[in-house]
Amino acid sequence: MDRGNGGVGVGLWFLLMVVMVEYSLACGRCSPILFNFGDSNSDTGGYSAGFGVNIPLPDGRVFFHRSTGRPCDGRLIIDFLCESLNTSYLSPYLESLHSDFRNGANFAISGSTTLPRDRPFALYMQLQQFLHFKSRSLDLIKQGSKGLLNEEDFKNSLYTIDMGQNDLAGLFSSNLTYDQIVIIMPQFIAEIRNAVQTLYDNGGRNFWIHNTGPLGCLPQKLALPRLNDSDLDANGCLRTYNNAAKRFNAKLSSLCNELSSELKNATIVYTDIFAIKYGIIANYNKYGFVKPLMACCGYGGAPYNFNPNITCLAPGYQVCSDGSKYVSWDGVHYTEAANSLVASKILTAEYSKPKIKFDFFCKA
């Protein structure tokens, strides 16, 4: 009887070891692949490469200690997300030198919008670049090339989208009323729907979508002339701008719900960047910041240190000595310190719907 129990124990032990080895091998084979679409919030050098613009220090002065084409003093949110997966930073699709696309590619370009489609580098154009990238990769594999992404890689990749801020900012710059802006918003959402559907039709099944941040808390917007401060909320941000961002985000959230129901076997995660960023500004003391609405790099001093005629890197600009005390780097983009905090909150999954962690797609 004892020998029988022992035999069963050995059998179960052997089976467990086989499962553990197979799991270990599977994890060892797991190499995260990401394709990112977006604007300056996730541009790792695409604008610099695409337009041939040399962006000097102090951009990149933290961590890299050189300019990398990122509109920041250091790393972006997407960089920290890549670090969380132990994968290298995404190479810009348009960078011709020293690019490594084995872990995906970054199609994000500063200034990008969802519309109009034919504007460099609108979301639709980024999609066309991706389709070309995929087609070229598969063709070269057929010709015998090694080390390129195959059909299975594209299927298992994570597709991240962070777009919308520039669309809203552009509408406000056109002097449209809030009600007029709300009427136009569905057009932007339709472009994001088209992007997800196109990627899905081309094999993509994993999507990570960021909503847009609190536009009304950017020093660039706060420094615009205004008659009085009646539109400022308790944290000093512009209500109208932020309300527009919230309306956009509500529509984007609904879109993600719809797509999750419509697209078979697809996983779509919607992440509330607005809540994360606004929470940081509202509780800046808690996180060690002292200037939540003031740009580190700019001109003009308090309260916003932003002058549209003397922006960061323009002749006459001034830069703070310690960017880690600031949320805003240049009046539009966040400092590395703020980006790191945003990324850490994303990785908790508490701001995501469904509450799936960022590394789920690799583990799956």
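- When side chains are defined from C-beta on, Asn211 does not count as touching Ser253, because their heavy atoms never get closer than 4.5 Å.
- Taking CG from Asn249 and CD1 from Ile189, the interatomic distance works out to 8.0 Å, rounded to the nearest 0.5 Å.
- Note on Leu313 and Met294: separate hydrophobic clusters, where clusters join Ile, Leu, Val, Met, Phe, Trp and Tyr whose side-chain heavy atoms are under 4.5 Å apart, directly or indirectly.
- Linking ILVMFWY side-chain heavy atoms closer than 4.5 Å, directly or via other members, places Phe360 and Phe207 in a single hydrophobic cluster.
- Side-chain atoms of Ser352 do not come within 3.5 Å of backbone N or O of Pro354 as any donor-acceptor pair.
- Contact of the Thr267 side chain with the Trp208 side chain is not registered, since no non-hydrogen atoms from C-beta on lie closer than 4.5 Å.
- In this structure, Phe154 has its ring center under 6.0 Å from that of Phe35.
- A 6.0 Å sphere centred on CZ of Arg117 holds more than 12 heavy atoms belonging to other residues, nucleotides or ligands.
- Here CG of Leu215 is found 11.0 Å from OG1 of Thr240. Values are rounded to the nearest 0.5 Å.
- Side chain of Ser48 to main chain of Gly45: no donor-acceptor pair is present (N/O by atom type, distance under 3.5 Å, no hydrogens or angles).
- Within the 3.5 Å criterion, the main-chain N or O of His132 finds no donor-acceptor partner in the side chain of Ser135.
- Formation of a donor-acceptor pair under 3.5 Å by the Asn305 side chain with backbone atoms of Ala295 is found in this model.
- Judged purely by distance below 3.5 Å, without hydrogens or angles, the side chains of Asp322 and Ser324 pair a donor atom with an acceptor atom.
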**Request:** Tell me, with the steps shown, if Ser328 and His333 meet side-chain hydrogen bond (donor to acceptor under 3.5 Å, both in side chains).
**Result:** CA-CA 6 Å; Ser328 178; His333 311 102; over 6 Å; no

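- A distance below 6.0 Å separates the ring centres of Phe130 and Tyr159.
- Lys291 contributes no side-chain N or O that, together with a main-chain N or O of Tyr326, makes up a donor-acceptor pair within less than 3.5 Å.
- Side-chain N/O atoms of Ser91 and Asp100 include no donor and acceptor closer than 3.5 Å.
- Residues Cys72 and Asn339 are in side-chain contact: their nearest non-hydrogen atoms beyond the backbone lie under 4.5 Å apart.
- For the atom pair CZ of Phe289 and CD1 of Ile280, the computed distance is 6.0 Å after rounding to the nearest 0.5 Å.
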**Stepwise side chain to side chain contact (heavy atoms under 4.5 Å, CB included) test for Tyr284 and Val290** = CA-CA 7 Å; Tyr284 67 93; Val290 297; 5.5 Å; no

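- Sparse packing is recorded around CZ of Arg136, with 12 or fewer heavy atoms of other residues, nucleotides or ligands lying under 6.0 Å away.
- For the pair Arg75 and Phe64, the cation-pi test (distance below 6.0 Å, angle within 45°) is failed.
- For Asp43 (side chain) and Tyr47 (main-chain N/O), a donor-acceptor pair under 3.5 Å exists by modelled atom type.
- For the residue pair Thr335 and Asp73, no side-chain donor N or O sits within less than 3.5 Å of a side-chain acceptor on the partner.
- Side-chain atoms of Asp79 come within 3.5 Å of backbone atoms of Leu76 as a donor-acceptor pair (strictly under, hydrogens ignored).
- For the pair Lys221 and Phe172, the cation-pi criterion (under 6.0 Å, within 45° of the ring axis) is not fulfilled.
- With hydrophobic clusters built from ILVMFWY side chains whose heavy atoms lie under 4.5 angstrom apart, Tyr93 shares a cluster with Val53.
- Using a distance-only test at 3.5 Å, with no hydrogens or angles considered, a donor-acceptor pair links the side chain of Gln126 to the main chain of Gly38.
- Annotation for Lys353: atom NZ counts as buried by contact number, over 12 foreign heavy atoms lying within 6.0 Å.
- In the displayed structure, Lys357 atom NZ is contacted under 6.0 Å by at most 12 heavy atoms of other residues, nucleotides or ligands.
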**Request:** Please test Phe248 against Leu168 for side chain to side chain contact (heavy atoms under 4.5 Å, CB included), starting from the C-alpha separation and ending with a verdict.
**Result:** CA-CA 9 Å; Phe248 174 86; Leu168 295 180; 4.0 Å; yes

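- For the pair Leu123 and Glu191, the tightest heavy-atom approach, listed with the atom from each and the gap, is CD2-O, 3.8 Å.
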**Evaluation steps, disulfide (SG to SG under 2.5 Å), between Cys297 and Cys312** = CA-CA 5 Å; Cys297 185; Cys312 183; 2.0 Å; yes

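- With contacts defined as side-chain heavy-atom distances shorter than 4.5 Å, the pair Met185/Arg247 qualifies.
- Side-chain contact between Pro71 and Trp329: absent, with no pair of heavy atoms (C-beta onward) separated by less than 4.5 Å.
- One hydrophobic cluster, built from ILVMFWY side chains closer than 4.5 Å, cannot hold both Val319 and Val62; they sit in different ones.
- Environment of NZ in Lys134: crowded, with over 12 heavy atoms of neighbouring residues, nucleotides or ligands closer than 6.0 Å.
- Tracing side-chain contacts under 4.5 Å through hydrophobic residues (I, L, V, M, F, W, Y), one reaches Ile192 starting from Tyr270; they form part of the same cluster.
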**Request:** Any chance you could lay out the side chain to side chain contact (heavy atoms under 4.5 Å, CB included) test for Arg61 and Arg66, step after step, and finish with the verdict?
**Result:** CA-CA 6 Å; Arg61 69 178 184 178; Arg66 60 181 176 83; over 6 Å; no

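- Considering every non-hydrogen atom in both Tyr89 and Asn103, the closest pair reads O-ND2, 4.1 Å.
- Side-chain N or O atoms of Ser112 include none that pairs as donor or acceptor with a backbone N or O of Ala108 at under 3.5 Å.
- In this structure, a donor-acceptor pair under 3.5 Å is absent between the side chains of Ser67 and Asp59.
- Residue Tyr278 forms a side-chain hydrogen bond (donor to acceptor under 3.5 Å, both in side chains) with just one option from Asn242, Asp233, Asn283, Asp272, and that option is Asp233.
- Judged purely by distance below 3.5 Å, without hydrogens or angles, the side chains of Asp162 and Ser42 never pair a donor atom with an acceptor atom.
- Comment: Glu336 does not engage Arg70 in a salt bridge, judged by the lack of any side-chain N to carboxylate O separation of less than 4.0 angstrom.
- Proximity of a side-chain donor or acceptor of Ser174 to a complementary backbone N or O of Gly170 within less than 3.5 Å is detected.
- At a threshold of 4.5 Å between non-hydrogen side-chain atoms, the residues Asn202 and Leu131 count as touching.
- Between Val196 and Ile209 there is a side-chain heavy-atom pair separated by less than 4.5 Å.
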**Request:** Decide side chain to side chain contact (heavy atoms under 4.5 Å, CB included) for Phe306 and Tyr299; before the verdict, give the C-alpha distance in whole Å, the side-chain angles of both, and the deciding distance to 0.1 Å.
**Result:** CA-CA 5 Å; Phe306 187 89; Tyr299 184 81; over 6 Å; no

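- Looking only at side-chain heavy atoms (C-beta outward), Leu149 and Phe133 come within less than 4.5 Å of each other.
- The shortest heavy-atom contact between Cys237 and Leu293 is SG-CD2, 4.0 Å.
- Side chains of Gln143 and Asp139: a donor-acceptor N/O pair is absent below 3.5 angstrom, by distance only.
- For the side-chain contact (heavy atoms from CB on, under 4.5 Å) with Asp39, the qualifying choice from Asn166, Asp167, Ile109 is Asn166, the only one to do so.
- Of all heavy-atom pairs between Thr177 and Gln180, the closest is N-OE1, 2.8 Å.
- Counted by atom type alone, Ser261 and Glu258 present zero donor-acceptor pairs between their side chains at under 3.5 Å.
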**Request:** In sequence, state the C-alpha distance, the side-chain angles, and the governing distance for Arg193 and Glu262, and then conclude on salt bridge (charged side-chain N to carboxylate O under 4.0 Å, His left out).
**Result:** CA-CA 11 Å; Arg193 169 185 276 277; Glu262 295 172 9; 3.0 Å; yes

